[in-house]
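Since the model is a prediction, treat every value here as computed from it, not as a measurement.
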Amino acid sequence: PFTFTYYGNNYTSLKVVTNGWMGFDVASTSNAYLNAAIPTSAEPNNALYPFWDDLDLRTAGNVYYQNDAANNRFIVEYKNVPHYSTGELYTFQVMLYSDGRIFYQYLDMTASLVNSCTIGTENAAGSTGLQVVYNAAYLHNNLAIKIEKGLAWLDENPSSGTVTPGGSQNVEVIFNSTGLATGTYTGVMNVNSNDPIRPVKSIPVKLIVGTVGIQNTTFGIPTEFSLNQNYPNPFNPTTNLEFGIPELGFVSLKIYDMLGKEVKTLINETKPAGRYRISFDGSDLASGVYYYKIQAGDFVETKRMLLLK
């Protein structure tokens, strides 16, 4: 019912195999029943393995599927499926979400051979995979496994690049609330580099999902003066400053160093009521703590920011 992204490729078809796995390579005739450790170049590849084992639906059990459009997901359920050797029954599900999340859910996994299976994911070449378990104790009733690429509601473009010494790279960060319930979602976006001092830079991110009415209150004319914390912070060499004014008036927004010396004027003019975002470039400044101060009528506020080069 939707295009599903798997290991960087998009698919619109799914092959469901009775032996507890599903493949995006629908042209392949593989129906392997003997499970193996993954990743492996041997077929099946480009597959999901919720419970890869020798199962037998010839005399009992059913496999169902449902397009749950209301929750942006596609569900496949193996219900009371017998094991080929023992006839013992298993019931489990796979849920594919339109944002790329994968859920394996296990309702009834009490059979004696439950620990002789493969669970995980694998790419088309069989060169990359996520093995959750292979022929070991792990499964139990009412277990759920979630597989996702980092934060499902956050993406970045570009995801990698090269920055020259003293240079910078703008990265677009995209928040996507599709399919998410109302609430607050938090996480950390890690930027990895070959910097010997700070090889990983962790940036906290937050997404607030509300009703349309609540979201609309963030647009239009603000009801009060405001000055937000700059982002990113720390920064190198650019950062964004946001403020809001509820009425027409003269606005001054200036940058100061730690000694209180003015180093840059960003705004010094009359502005109509509204919300504003100003980009500040500190390329000509040394690393250190700086302050930005707004004055609009009787409203005065100062905030701290950190420039790291």
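Rounding to the nearest 0.5 Å places CD of E156 at 7.5 Å from CD1 of I174. Rounded to the nearest 0.5 angstrom, M189 CE and D155 CG are separated by 10.5 Å. With rounding to the nearest 0.5 Å, the separation of CD1 in I147 from CG in L48 is 7.5 Å. Atom CG of residue N80 and atom CG of residue D108 lie 7.0 Å apart, to the nearest 0.5 angstrom. Summarising the geometry, atom OG1 belonging to T110 is positioned 8.5 Å from atom CG belonging to L89; distances are rounded to the nearest 0.5 Å. Atom OG1 of T3 sits about 6.0 Å away from atom CG of N10, to the nearest 0.5 Å.
The heavy-atom pair separating W52 from L34 by the smallest distance is CZ2-O, 3.3 Å. Heavy atoms only, all atoms of each residue included: M305 and Y292 are closest at SD-CD2, 3.7 Å. Pairing each heavy atom of L308 with each of P234, the nearest pair is CD1-CB, 3.7 Å. P39 and G126 make their closest contact through CB-O, 3.4 Å (heavy atoms, listed as atom of the first residue, atom of the second, distance). Contact between P237 and L307 at its shortest, heavy atoms only, is CA-CD1, 4.2 Å. Contact between N35 and C117 at its shortest, heavy atoms only, is ND2-C, 3.3 Å.
Y6 pairs with exactly one of N46, L96, N123 by the side-chain contact (heavy atoms from CB on, under 4.5 Å) rule, that one being N46. With F92 as the fixed residue, the ring-ring contact (aromatic ring centres under 6.0 Å, His included) test singles out one of Y78, F103, Y64: Y78. Among the candidates R277, E301, E242, R275, the single residue satisfying the side-chain contact (heavy atoms from CB on, under 4.5 Å) test with N228 is E242.
A heavy-atom distance below 4.5 Å is not found between the side chains of V63 and Y65. In this structure the side chain of T184 never reaches within 4.5 angstrom of the side chain of L207, judged on heavy atoms. In this structure the side chain of R304 reaches within 4.5 angstrom of the side chain of V289, judged on heavy atoms. Here the side chains of I255 and L266 are in contact, with some heavy-atom distance below 4.5 Å. Within the 4.5 Å cutoff, the side chain of T86 has heavy atoms near those of the S112 side chain. At least one side-chain heavy atom of I145 sits less than 4.5 Å from a side-chain heavy atom of I119. Contact annotation: the side chain of Q169 approaches that of P158 to within less than 4.5 Å [non-hydrogen atoms, C-beta and beyond]. Side chains of V200 and R198 form no contact here, defined as non-hydrogen atoms less than 4.5 Å apart.
Shown here is D298, whose CG atom has no more than 12 heavy atoms of other residues, nucleotides or ligands within 6.0 Å. Open room surrounds OH on Y33; 12 or fewer heavy atoms of other groups in view lie less than 6.0 Å from it.
By the criterion of side-chain heavy atoms lying less than 4.5 angstrom apart, applied directly or through intervening Ile, Leu, Val, Met, Phe, Trp or Tyr residues, M95 is not grouped with L139; the two fall into different hydrophobic clusters. Both L14 and I102 are assigned to one and the same hydrophobic cluster, defined by single-linkage of ILVMFWY side chains at heavy-atom distances under 4.5 Å. Under the 4.5 Å side-chain heavy-atom criterion for ILVMFWY residues, a single connected hydrophobic cluster contains both M109 and V132. No continuous path of hydrophobic side-chain contacts links L227 to L306 [ILVMFWY only; heavy atoms under 4.5 Å]. A single hydrophobic cluster is not seen to contain both Y231 and V191; linkage of ILVMFWY side chains at heavy-atom distances under 4.5 Å, directly or through other members, places them apart.
F4 has its ring centre less than 6.0 Å from the ring centre of F24.
Between the side chains of S202 and N190, at least one donor-acceptor pair of N or O atoms lies under 3.5 Å. Under 3.5 Å, the side chains of N135 and S116 contain no donor-acceptor pair of N or O atoms. N230 and T239 share a donor-acceptor pair across their side chains, judged by distance under 3.5 Å alone. Looking only at atom types and distance, the side chain of N31 has no donor-acceptor partner in the side chain of T29 under 3.5 Å away. Between the side chains of D56 and H83, no donor-acceptor pair of N or O atoms lies under 3.5 Å. In summary, the side chains of Q131 and T118 do not present any donor paired with an acceptor at a separation below 3.5 Å, with no hydrogens or angles considered.
Ring planes of F280 and F235: perpendicular class, angle over 60° (limits at 30 and 60°). Relative ring orientation between W21 and Y49 is described as tilted, the plane-to-plane angle lying within the 30° to 60° band.
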Practice task
Let me see the working for L107 and N141 under side-chain contact (heavy atoms from CB on, under 4.5 Å), right down to the final yes or no.
Solution key: CA-CA 5 Å; L107 178 65; N141 291 351; over 6 Å; no
Exercise for the section: Tell me, with the steps shown, if V188 and I203 meet side-chain contact (heavy atoms from CB on, under 4.5 Å). Expected result: CA-CA 5 Å; V188 175; I203 304 170; 5.9 Å; no
Practice task
Would you please test Y90 and F51 for ring-ring contact (aromatic ring centres under 6.0 Å, His included) and show each step?
Solution key: CA-CA 9 Å; Y90 304 93; F51 185 72; 4.6 Å; yes
Practice task
Might you work through the side-chain contact (heavy atoms from CB on, under 4.5 Å) test for L55 and T18, ending with a clear yes or no?
Solution key: CA-CA 7 Å; L55 306 179; T18 56; 5.8 Å; no
Practice task
Begin with the C-alpha distance, continue with both residues' side-chain angles, and end with the deciding distance and a verdict on side-chain contact (heavy atoms from CB on, under 4.5 Å) for I245 and V251.
Solution key: CA-CA 9 Å; I245 54 175; V251 178; 3.8 Å; yes
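Pairs passing the ring pair (Phe, Tyr, Trp, His ring centres under 6.0 Å) check and including a residue from residues 238-267, sequence neighbours excluded, read F243-Y276.
Side chain of Y134 to backbone of G120: no donor-acceptor contact under 3.5 angstrom is found. A donor-acceptor distance shorter than 3.5 angstrom exists from the side chain of N45 to the backbone of A42, with no hydrogens or angles considered. Looking only at distances, a side-chain donor or acceptor of E122 sits under 3.5 Å from a matching main-chain atom of T40. A donor-acceptor pair under 3.5 Å is absent between the side-chain atoms of K271 and the main chain of A296, judged by distance alone. With hydrogens and angles disregarded, no donor-acceptor distance shorter than 3.5 Å links the side chain of K254 to the backbone of I267. K15 places a side-chain N or O within 3.5 Å of a backbone atom of S28 that can act as its donor or acceptor partner. No donor-acceptor pair under 3.5 Å is formed between the side chain of N71 and the backbone N or O of R73.
At a threshold of 4.0 Å, the pair D195-K201 does not count as salt-bridged, since none of the basic side-chain nitrogens sits closer than that to a carboxylate oxygen. The pair K264-E262 fails the salt-bridge criterion, with no side-chain N (NZ, NE, NH1 or NH2) lying under 4.0 Å from an Asp/Glu carboxylate O.
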